[in-house]
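Inspection log for the structure reproduced underneath, given as structure tokens.
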Amino acid sequence: MSATIAHGHEGAHGDAHAHSGSFLTTYVFSRDHKVIGIQFLISTLLWFVVGGLLALAVRWQLAWPWADMPIVGRMLFSAEGGQISPEFYTMLFTMHASVMIFFVIIPILAGAFGNFLIPLMIGAEDMAFPTLNMLSYWAMWPAFILMTASFFVEGGAASAGWTAYTPLASVHQAAPASGTGQTLWLLGLIFVGISSMMGSVNYMTTIIQMRAPGMTMFRLPLTIWAMFITAVLQAFALPVLTAALFMQVLDRVLGTGFFVPEGLMINNETAGAGGGQPLLWQHLFWFYSHPAVYIMILPAMGMVSDMIATFARKPIFGYKPMVYAIAGIAGLGFIVWGHHMFMSGMNPYLGMTFMLATMMIALPSAIKVFNWLGTIWGGKIELTTPMLFSLAFVSMFIIGGLSGIFMAATPVDLFIHDTYFIVGHIHYVLFGSSAFAIFGGIYYWYPKMFGRMMNETLGKIHFLLSFIFFNGTFFTMHILGAGGFPRRLADPYHYEAFKHMQPMNQFMTICALGMGAAQIIFAINFFGSLFFGKRVGRNPWRANSLEWQAPSPPGHGNFDFQPVVYRGPYEFNSPEVDEDYYPQTQPPPEKGGQEKQKEGEQH
Amino acid sequence: MPVEFGPDEFKTNERRTIVTRFWIFLFLLVPILGVGVFLWAPYAGVYLPQDVSTHGHKIDHLFTFILLLTGAVFIATEVVLVVFMWRYDRERNQDPVKFTHGSHNLEMVWTIIPAATLLFIAIYQMNAWAEVKIDRPDIPPTLKVTARQFEWRLQYPGPDGVLDTRDDIHTVNDLHIPVNEQILIHLESDDVLHSFFLPNLRIKQDAVPGSTIPVWFRATEIGAFDLVCAELCGWGHYKMKGRLTIESREDFENWLEQKRQEQEAVQ
Amino acid sequence: MATAGHAHSDSFQYQPALPIPNGKLCMWLFLSTEIMFFAALIGTYIVIRFGAPVWPFSHEVHLSEPIGAFNTFVLICSSVSVVLALEASRANRAGAAKGWIATTLALGVLFLGVKAYEYNAKFGHGIYPALPRSRMYEKPDLYFASAVRQRIQALRAEINAKGAENLTEQDQQRLQLLDEIAADPALGPDPTRASLTALALRIMPLGTAPGEEESHHAGLNDEHPWLKLPIVVPGGNMWASTYFTLTGFHALHVLGGLVVFALLLFMRLDAGKANFIENIGLYWHFVDIVWIFLFPLLYLF
Amino acid sequence: MSANASGETVVDPHAAEHGIGKYIAVFVALIVLTGASFFTYSSLWPFHDEPAVGRLFMMAVSCTKATLVMLFFMHLKWEANWKYVLTVPPAIMAIFIMLALVPDIGLRYRIASPKRRAFMAEPLDVASVEAGSHAADNGDQQHETGGEH
Ligand code: HEA
Ligand code: HEA
Ligand code: CUA
Ligand SMILES: [Cu+2]
């Protein structure tokens, strides 16, 4: 570990001046943060398709259980007569969630945007440790291969839910896939963890040490603040998950008993000597995975703040409260993990404590929501595609967040725990919020990444369809949940009481298919614009933050001038200047020196 | 030389105004349809199912209370969002941009009011929680429920009234309880996690292998309802369902006696 | 260190918040994550250890405190030697630095050697977590008795497989011993709790609590190492789980450090390498600190 | 870039302050402290009946040792205030996660199910052996001893 770190450091220095390289070092094993960011972006979009198709299979089964899957079914499960078997269904949603969370949302936010934006936005030429950075990308591939390989091993992929609750996940006899599949899943996650860990220390070092002159902490764009605090969250939470994952691997491979109680009988077979505590896994898992949900939303919030300020042409409302809110969410995020365990048989007094903390975590979120509203108040809003996605983020996050309040209330959670209410909540915060912010972010920073604009019309159609079909798919889940419809059921209509909910599920599935189709438009736009998009200059959105002062796309070393920062990133429509924007690098008019700056830009 | 391209592209024109209105309308649909769905839900029969317990109404009340509260917040915030989008649209808004970095007073207001609200909910719900999970009745267990892949094993004390003796009465997936009586269940699991979910009694409790977890409630109406397993427990999770029959004391005892005789006949 | 930034006119200027090199900051951050990793493991150990109904005495699981203490000593020495290597390198005495690094490497290897010896001692007694069961039983129950019976039968079959005429003197004695053990009341038709306990104690006597007199008689397994009979170690499975996991992860960290020290031996450790040595030193001290906690927790608690 | 990479700043301003003598002193202190925690295991330790005392003592000793290592070997004694930023939060979080598990998992064996109890480890009942086979033994108890399956 330490060896790589040190090498990485030396490498940073040596590489900064190397302008040419072979194809392999420029595009594949590149140590340039921008290339790594784009690699992350494209890989995660690919994985998004994988996760999305798994979700569509889930939806298919929920709408027409045991019906033949058209075309694909015959190809994939001819043994079952083209149907999804209940074993396979459990694998589907487990892998859907694992791929979406660990291979899409986390790596796209931290990996793709974090990598691309951090050095550009703080005025650095690269990350502090480029080699480490490259390794953090390449650790994702073994992870993904391990995970997907598990579909092809005996017993199939992991099937204990993305939460991998023990002893279902840790005892071979418990589920067909608790053989090799679950072990591969665990190893895959360990690799993801290693990747995130390398990213996290790197981001923290870079943000602490490599800001351009004048870029004080309180002049950082909120995106950077969010990335920074996300990195801190990862640094503290992830090792705990890694330890827990290792313990589960040991339970499965070596027969230790951390999560297996004694006297376990499965299919009339004893399962190991045991002596451990099944709930210990849940504590350790959620100690990471609750902060992880904030790892999945904070960068999105940061990005949205930037976009909203830019397109409302107005300074962000309450910059410092926003920063404190991010920090508050992170801090509180560590003491609420028990809200996933209200019904788990946890000490009920502990449940009350966690409930109180969970209620309080809505506060910083409230501050953020109100400050976004405050930002668009009195502005001049331009409804570009990124802005539409950002406003949709706010709108959807309110729904997702408010549904969290129901679950935080322990007695209500008693009823809605493990029902579709939770599934609705998950997708409102993860898809409606995080993924929408990601789409917005892609439209917004695409010109910086590739020097070309994405097509606005296609973008708006993508937004329109995504927005409508997203709500169509997931809003109804709330009332399904209120009706007691349990999640993770391969065939909910096995229960008489849920039969009448099938038409709603069919409606949701049709919407989900529509949402998938909408993503095709996005894919066309994304890849087509690489070749046909309009070329852009440095600052197409007339934004203030540093990345827009660099060339599009930025060359090696990012800036062709020494960035010096004079103010915060959100000084839109400042009375000091005539323009409606005021770049961070532009010296104040009184002090003169504007010529010098202009010179710098014309390089 | 790269072309400078930016927001100017979308300068004023007729088409743009219409399109903008369209987006604003789309965002307005969110609160309208959102509220609509919840109003429609009870009629469609996808809403809180019939409650037959003594504590259930508290949970339902809390649900409704939080629904109204969050509903109000939801409508307010979404409407404010739409109104701002409408009012401060680039075309419509002729006033200069309000160049401000925020307001300390406003921040205080919108921190303290939600804080108070949330604290209120937190304290308000504690009693209901205590009633279901903390204030355990001081009575001997009515029956023992053992979850295993993929069935519910129920064990009633026999004539001696004590559990775990030879005269215990065993059934599978067939849970009978007397109405209007305090019931105390000892919940166990043989293999993996399961969850003992009685939607109509507003009861849910995971069964953890290795622990005995008490569950208590009091049913108020006679009838037959579902017993659902609500924690993923393997491929057969979906079919791990039981039947709950709430009946009068008399029927219950008859049933128990009948089961006992059936059991003896087998032995 | 802003000065360094100014030194390169063609390079970028930064405004670092902390007056330390990036590498050192990164190492400290990395150590924070390591702290959390071991905190999770130690936390697990603590709740399992104190939640357990019984925990084996160290002698029951062949844990030797003096050996553990010796290993503590070895690690402390290596911490000193690595800090001396840093001093030497800072003073630009490359040769001395390399000497100290080599010393550290040697001490680390010694530590791992002792660890391997300890592991081996436990494996030799059948103490390890294993599927479905190791040779350890949690209580003297019927499972235990039947396992003993099976083991005796297996041993008998093994000896008899040679054919009656090929049996040596030693084999005869062994068969005799096996017969004698098989006659134990616990292996008869109706074993009692007391007889089962007695058998367990006969195979492996109880360990002693700290401060008590060492028990004098050795068990069957000690007297006749070839027997390898199942043993009863109440709490043994969780003991083995936690012991091997905690020390194992610690040993892996030691190994990681050793690899870097080995690489350092191929470099010139002059002042230019001082920062690098400082960073690996920080890591090494951290590994030492982890052991400082593991030793009392695992050996003395 | 930063100083170390360029390899320019190498003169340690504190070199004089903490010479080898200091390290040797710390080394001796660590050895002595190790001896101290080892001492709780010897027969001279007075609190064998109260294991908690010994454990607390050992943890205090360990913390002292860790502090010594951090202050002197890891040079924290001579560092600027950033040392608090980088060490205090992890320390708090580490202690927090260990403590957080206690109220639930740590006390969990108290609600163990009868089935689990049947399999749970228990101290060997030496007294029953000494009492010989007169001890109350009957078929039922055998059954219990052996587990049900
Ligand atoms: C990005 C991801 C993300 C985010 C941001 C959140 C945010 C929140 N979550 Fe969510 N959660 C998940 C992802 C996320 N969650 C996932 C994936 C699961 C399921 C895991 C599984 O089991 O598979 C889950 C499950 C989950 C549970 C467990 C449910 C159960 O299994 O029974 C709970 C319970 O308390 C909960 C609560 C909350 C709360 C209170 C917030 C808060 O942070 C929300 C705060 C925001 C607001 C409240 C809205 C804005 C505020 C205002 C407009 C101000 C005014 C409001 C009031 C006065 C009320 N979540
Ligand atoms: C980041 C997180 C994320 C995202 C983005 C999604 C996206 C989606 N999810 Fe997922 N989901 C989770 C996280 C996520 N989910 C989690 C954590 C769970 C809990 C799992 C558990 O219980 O363990 C869950 C569970 C879950 C369930 C519940 C399963 C159950 O409990 O039985 C359902 C059911 O409807 C579902 C559906 C969907 C759908 C339809 C999408 C859609 O939005 C997907 C749309 C995207 C695409 C379709 C991809 C694009 C495709 C193309 C470009 C290819 C062309 C497409 C066509 C030809 C149509 N998800
Ligand atoms: Cu049992 Cu799900
Ligand atoms: Cu959570």
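We name chains A, B, ... by the order of the sequence lines, and we start the count at 1 in each one. The figures here come from the full heavy-atom set of this structure, side chains too, leaving out hydrogens, waters and symmetry mates. For clarity, every value in this text was computed on a predicted model and none was experimentally measured.
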Note, C:R193 side chain near C:D141 side chain (heavy atom, < 4.5 Å): no
Report which part of D:P123 has an atom under 4.5 Å of a heavy atom belonging to chain C: side chain, backbone, both, or neither. both
Heavy-atom cut-off 4.5 Å, strictly under: side chain, backbone, both or neither for C:L282 against chain D? both
Looking only at C:A91, C:A17, C:A39, most heavy-atom pairs under 4.5 Å shared with chain D are made by C:A39
With a 4.5 angstrom heavy-atom cut-off, is it the side chain or the backbone of C:P185 that approaches chain D, or both, or neither? neither
Under 3.5 Å side-chain donor-acceptor pair for C:S78 and C:S81: no
Is it the case that atom CZ in C:F73 sees more than 12 heavy atoms from other parts of the structure closer than 6.0 Å? no
Could you tell me whether the side chain of D:F38 reaches within less than 4.5 Å of the side chain of C:F295, counting heavy atoms only? yes
Which atoms of C:I48 approach chain D - backbone, side chain, both or neither, heavy atom under 4.5 Å: neither
Using side-chain heavy atoms (C-beta onward) and a distance below 4.5 Å, is C:L86 in contact with C:W100? no
Answer key: most heavy-atom pairs under 4.5 Å with chain C among D:M74, D:K83, D:M98 is D:M74
Largest heavy-atom contact set with chain D, pairs under 4.5 Å, which of C:G236, C:S79, C:G235: C:S79
Looking at D:A112, D:G35, D:A94, which one has more heavy-atom pairs under 4.5 Å with chain C than the rest? D:A94
With a 4.5 angstrom heavy-atom cut-off, which part of C:I292 approaches chain D: side chain, backbone, both or neither? both
Just how far is it from atom CG of C:D288 to atom OG1 of C:T72, taken to the nearest 0.5 Å? 8.5 Å
Under a 4.5 Å heavy-atom cut-off, does chain D meet the side chain of C:Y45, its backbone, both or neither? neither
Name the option with the most non-hydrogen atom pairs under 4.5 Å to chain C; the candidates are D:F73, D:F27, D:W45. D:F73
Residues C:E34 and C:Y283: side-chain donor-acceptor under 3.5 angstrom: no
Chain C shares the most heavy-atom pairs under 4.5 Å, among D:C63, D:A91, D:P89, with D:C63
Going through the distances and angles, do D:E79 and C:K24 end up as a salt bridge (Lys or Arg N to Asp or Glu O under 4.0 Å)? CA-CA 12 Å; D:E79 300 286 12; C:K24 187 165 160 189; 2.5 Å; yes
Go through D:I97, D:L101, D:D104 and name the one with the most non-hydrogen pairs under 4.5 angstrom from chain C. D:L101
Is D:L68 close to chain C through its backbone or its side chain, or both, or neither, when contacts mean heavy atoms under 4.5 Å? neither
Taking only Lys NZ, Arg NE, NH1 and NH2, and the carboxylate oxygens of Asp or Glu, determine whether C:R268 and C:D270 approach each other closer than 4.0 Å. yes
In terms of side-chain geometry, is the basic nitrogen of C:R90 or C:E278 positioned less than 4.0 Å from the acidic oxygen of its partner? yes
Ranked by heavy-atom pairs below 4.5 Å to chain C, first place among D:L124, D:L99, D:L86 goes to D:L124
